[in-house]
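Note: hydrogens, waters and symmetry copies are ignored here, and every other heavy atom, side chains too, is used. Order of the sequence lines fixes the chain letters, A, B, ..., with proteins taken first and strands second; residue numbering starts at 1 for each chain. Just so you know, these numbers come straight off a predicted model, no measurement behind them.
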Amino acid sequence: MLKIYNTLAREKQVFTPIIAGKVSMYVCGMTVYDYCHLGHARVMVAFDMVNRWLRASGYAVTYVRNITDIDDKIIKRAQENNETIAQLTQRFIDAMDEDSAKLGVVRPTLEPRATEFVDGMITMISRLIDKGFAYAASNGDVFYAVNNFADYGKLSGKSLVDLRAGERVEVDLHKKDAMDFVLWKSAKPGEPSWDSPWGKGRPGWHIECSAMSAHYLGQHFDIHGGGQDLQFPHHENEIAQSEAAHSHDGELCQMVNYWMHNGFVRVDDEKMSKSLGNFFTIRTVLEQYDAEVVRFFILRAHYRSPLNYSDQHLDDAKLALTRLYTALRGVETTDEAVDWQLAPAASFKAAMDDDFNTPLAFAVLFDLASELNKTKSAVTGSLLKNLASVVGLLQRDPDTFLQGELEQVCQSLDVDALIVQRNLAKQSKNFTEADSIRKTLAEAGIVLEDSPQGTTWRRA
RNA sequence: GGCGCGAUAGCAAAGCGGUUAUGCCGCGGCCUGCAAAGCCGUUUAGACCAGUUCGACUCUGGUUCGCGCCUCCA
């Protein structure tokens, strides 16, 4: 029985889908004006893991992850780069797709772009005005009136009174209340714009998710996810918009049953973020580390815990993953459905069902690796590989992982020939030469491993 | 200031009111020509102070420290 930590309830709850056997899930994706950093990688990988586990559990999942392709930063960046917004966003969408594919992220069912749904947003804003939850200001902006939404703050645990007391931003004089937020921004000269009942303008940030989630998943759906920093104000505002817009006769319509938020990636115990400038892009990290190592690194911590980034931690993750692949090396495995009745599989399932406890599930994988090292059993090896596939790991040929891309390693050295040469030297008890060859290879970053079955090698 | 989260061994990271988490590192042994890998064994825990309990790392209260949100942010 799957339990999910629901931010809305601040506790783990048994997951019950709205429609038996089906799950509707929406996750806030990226604003595409730059390369994705490790924080973005965590969202993609964490919810990919959720998506995979739901499917492995037998659910038919509709997974929507949006792309924000119009906003202030995009407009500014396009101007700086002297390119069109379409060029800029397409470039970074392509880069994002590349990065996520490398990280083993299965594509969401749908990846709608904000600019494709402006009509739907305008319709929703109109509805909010009609129902008295929004108002057009004299300057052409449209604001959401938080005072008219009784449940405002229920997700983030904030009260309007406290929020106003802590108000740190300059208050827009067009707003009726300092906490009102913008649904529609009137266009400034030179900015991209759409026609609307309130004049030319463009949508505010929050409304896109309300419009797109309702379009694809309906007014009431199962799971909504995103980074912890979106809890407030973004998700709070989504709730306010959707539940008010979808209300009937003053009765609010619950938008989402389970809200999930993943923890931050940190650097030196500080949140990794654009504004702090302490971020590492996915592609930078992938220059140094194997993508599967990065995926393993992300999933070896619980998705809600903070995750500290450092080379040491990545190195550690690499060694741990190497242990798993080493155990699988030379074992004939078969791809087949996991028998969840088996003790290790049941433990793995129990861990995953407990709010996606990947660290505990991974412990099962390591236990299997230990057993595999002793028995070299094809059954154990297959179970290890097939369990790992559920979280998107261990699907490569072990030699490919352990030896890396051949062309990278062996440009100047013929490893196989040197191994033959060394084995001849060993046979004639010429250990000086044998050790010399091993040393040559070690200096090239190649470790030799002798076994009764012969000599194999891997990258250090 | 308001609201919230966390503090576990050298590092990372989980579960659990009493029974080995797990990975890396260290140490001893086996194996090996020597290594590596592997196997066997093993040293390091639960910020601090109280309380509840037969028994607490695990529950309750307090203290200290760290982090996050309250502005764009995954």
Side-chain angles (χ1 to χ4, degrees), chain A residues 7 10 27-31 36-47 65 68 71-73 153 156-159 161-170 179 205 225-234 236 261-266 269-276 279 296-297 300-302 304-308 310 312-324 326-327 329 347 350-351 354 357-367 369-370 372-374 376 402 425-427 429-432 434-435 438-439 442 446-452 455-458 460:
Chain A
T7 308
R10 270 160 269 278
V27 171
C28 289
M30 264 50 78
T31 302
C36 291
H37 60 61
L38 233 38
H40 302 117
R42 191 175 193 190
V43 185
M44 294 196 280
V45 169
F47 286 100
R65 192 184 63 203
T68 300
D71 103 313
D72 289 352
K73 287 186 295 269
S156 57
K158 297 177 187 303
S159 75
V161 175
D162 292 342
L163 284 166
R164 290 192 199 99
E167 185 58 46
R168 304 195 307 206
V169 263
E170 211 177 313
M179 295 315 299
W205 174 36
Q228 233 159 36
D229 45 4
L230 298 186
Q231 196 176 316
F232 189 91
H234 184 55
E236 194 70 63
H261 292 95
N262 65 276
F264 297 131
V265 176
R266 299 188 193 172
D269 286 320
E270 268 191 336
K271 175 185 172 183
M272 178 182 288
S273 73
K274 291 270 166 89
S275 44
L276 286 169
F279 63 92
F296 180 87
F297 165 71
R300 90 194 289 220
H302 185 86
R304 284 190 283 115
S305 301
L307 178 63
N308 262 308
S310 75
Q312 191 205 330
H313 298 155
L314 265 298
D315 290 339
D316 190 77
K318 179 186 171 183
L319 288 169
L321 192 56
T322 297
R323 176 172 166 81
L324 295 178
T326 302
R329 199 176 208 186
S347 301
D354 186 10
N357 192 336
T358 49
L360 188 56
F362 283 16
V364 175
L365 300 184
F366 282 99
D367 289 344
S370 290
L372 185 56
N373 282 330
K374 280 177 261 186
K376 287 292 166 189
L402 295 167
K426 279 173 65 182
Q427 274 164 30
K429 307 282 181 199
N430 185 351
F431 296 119
T432 311
D435 288 348
R438 184 164 63 197
K439 195 181 169 206
I446 290 168
V447 180
L448 294 185
E449 294 174 343
D450 295 332
S451 80
T455 303
T456 56
W457 63 274
R458 64 184 168 86

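Residue Thr456(A) is out of contact with every strand shown, counting any heavy-atom pair closer than 4.0 Å. No contact: Arg329(A) has no heavy atom under 4.0 Å from any strand. Residue Gly263(A) is classed as a base contact, given a heavy-atom separation below 4.0 Å to a base. Among the protein residues, Asp435(A) comes within range of the nucleic acid bases, having at least one heavy atom under 4.0 Å from a base atom. Nucleic acid contact for Gly157(A): sugar-phosphate only, since backbone atoms but no base atoms lie under 4.0 Å from a heavy atom of the residue. Residue contacts shown for Arg10(A) are absent, as no nucleic acid heavy atom lies under 4.0 Å away. Within 4.0 Å (heavy atoms only), Met272(A) reaches at least one base atom of the nucleic acid. Contacts of Val27(A) with the nucleic acid, taken as non-hydrogen atoms under 4.0 Å apart, are absent. Counting non-hydrogen atoms under 4.0 angstrom, His302(A) reaches the backbone sugars and phosphates but no base.
Residue Asn357(A) places no side-chain N or O under 4.0 Å from the OP1 or OP2 atom of rA14(B). Proximity of Lys271(A) to the phosphate of rA74(B): no side-chain N or O atom is located under 4.0 Å from OP1 or OP2. Residue Ser305(A) has a polar side-chain atom (N or O) positioned under 4.0 Å from OP1 or OP2 of rA14(B).
Nucleotide rU8(B) is matched to nothing when pairs are restricted to Watson-Crick or G-U wobble geometry with both distances under 3.5 angstrom. rA50(B) is paired with rU60(B) under the criterion used here, namely a Watson-Crick or G-U wobble arrangement in which both key atom distances are under 3.5 Å. Across every strand in view, rU43(B) sits unpaired, with no contact that passes the Watson-Crick or G-U test at under 3.5 angstrom. Judged by Watson-Crick or G-U wobble contacts below 3.5 Å, the nucleotide rG15(B) has no partner. Pairing for rG1(B) is with rC70(B), a Watson-Crick or G-U wobble pair whose two hydrogen-bonding atom distances lie under 3.5 Å. rC31(B) is unpaired under the Watson-Crick or G-U wobble criterion, no partner having all donor-acceptor distances under 3.5 Å. Here rA21(B) sits opposite no nucleotide as a Watson-Crick or G-U wobble pair (both hydrogen-bonding atom distances under 3.5 Å).
Both Ser159(A) and Ser275(A) lie close to RNA chain B; mapped to their nearest nucleotides by heavy-atom distance, the more 5′-ward contact belongs to Ser159(A). Residues Glu449(A) and Lys429(A) each lie close to RNA chain B; by heavy-atom proximity, the contact nearer the 5' end of the strand is made by Lys429(A).
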(request) Treat primed atoms plus P, OP1 and OP2 as sugar-phosphate and everything else as base, then score nucleotides 18-23 of chain B 5' to 3': B for base contact with protein heavy atoms under 4.0 Å, S for sugar-phosphate contact only, - for none. (result) ---BSB

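When the C1' atom is compared between rU60(B) and rG66(B), the two are found 23 Å apart, to the nearest whole Å. Only the P atoms considered, rA35(B) is 41 Å distant from rG15(B), to the nearest whole Å. Taking atom P in both rC48(B) and rA7(B), one finds a spacing of 13 Å when rounded to whole Å. Nucleotides rU53(B) and rG61(B) place their C1' atoms 16 Å apart, quoted to the nearest Å. When the C1' atom is used for both rG62(B) and rG29(B), the distance is 49 Å, rounded to whole Å. Across the C1' atoms, rC57(B) and rA21(B) are found 13 Å apart, a figure rounded to whole Å. Across the C1' atoms, rC49(B) and rC65(B) are found 15 Å apart, a figure rounded to whole Å.
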(request) Before giving the answer on side-chain contact (heavy atoms from CB on, under 4.5 Å), spell out for Leu163(A) and Phe232(A) the whole-Å C-alpha distance, their side-chain angles and the decisive distance to 0.1 Å. (result) CA-CA 11 Å; Leu163(A) 284 166; Phe232(A) 189 91; 3.7 Å; yes

(request) Could you go through the salt bridge (charged side-chain N to carboxylate O under 4.0 Å, His left out) check for Arg438(A) and Glu449(A) one step at a time? (result) CA-CA 10 Å; Arg438(A) 184 164 63 197; Glu449(A) 294 174 343; over 6 Å; no

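Side-chain atoms of Lys274(A) stay outside donor-acceptor range of the base of rC72(B), with no qualifying N/O pair under 3.5 Å. Looking at Asp450(A), its side chain comes within 3.5 Å of the base of rC34(B) through a donor and an acceptor atom.
Between the side chains of Ser156(A) and Glu236(A), a donor-acceptor pair is found at a separation under 3.5 Å.
Taking only side-chain atoms of Arg438(A), from C-beta outward, the nucleotide of rA74(B), rC70(B), rC34(B) with the closest atom is rC34(B).
More than 12 heavy atoms of other residues, nucleotides or ligands shown are found within 6.0 angstrom of NZ on Lys274(A).
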Anything under 3.5 Å between a protein N or O and an N or O of nucleotides 7-9 of chain B, put it in a table, one pair a line.
none

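The distance from atom CD of Glu270(A) to atom P of rC69(B) is 10 Å, rounded to the nearest whole Å.
Cation-pi check for Lys426(A) over Phe431(A) is not met; the charged atom does not lie both under 6.0 angstrom from the ring centroid and within 45 degrees of its normal.
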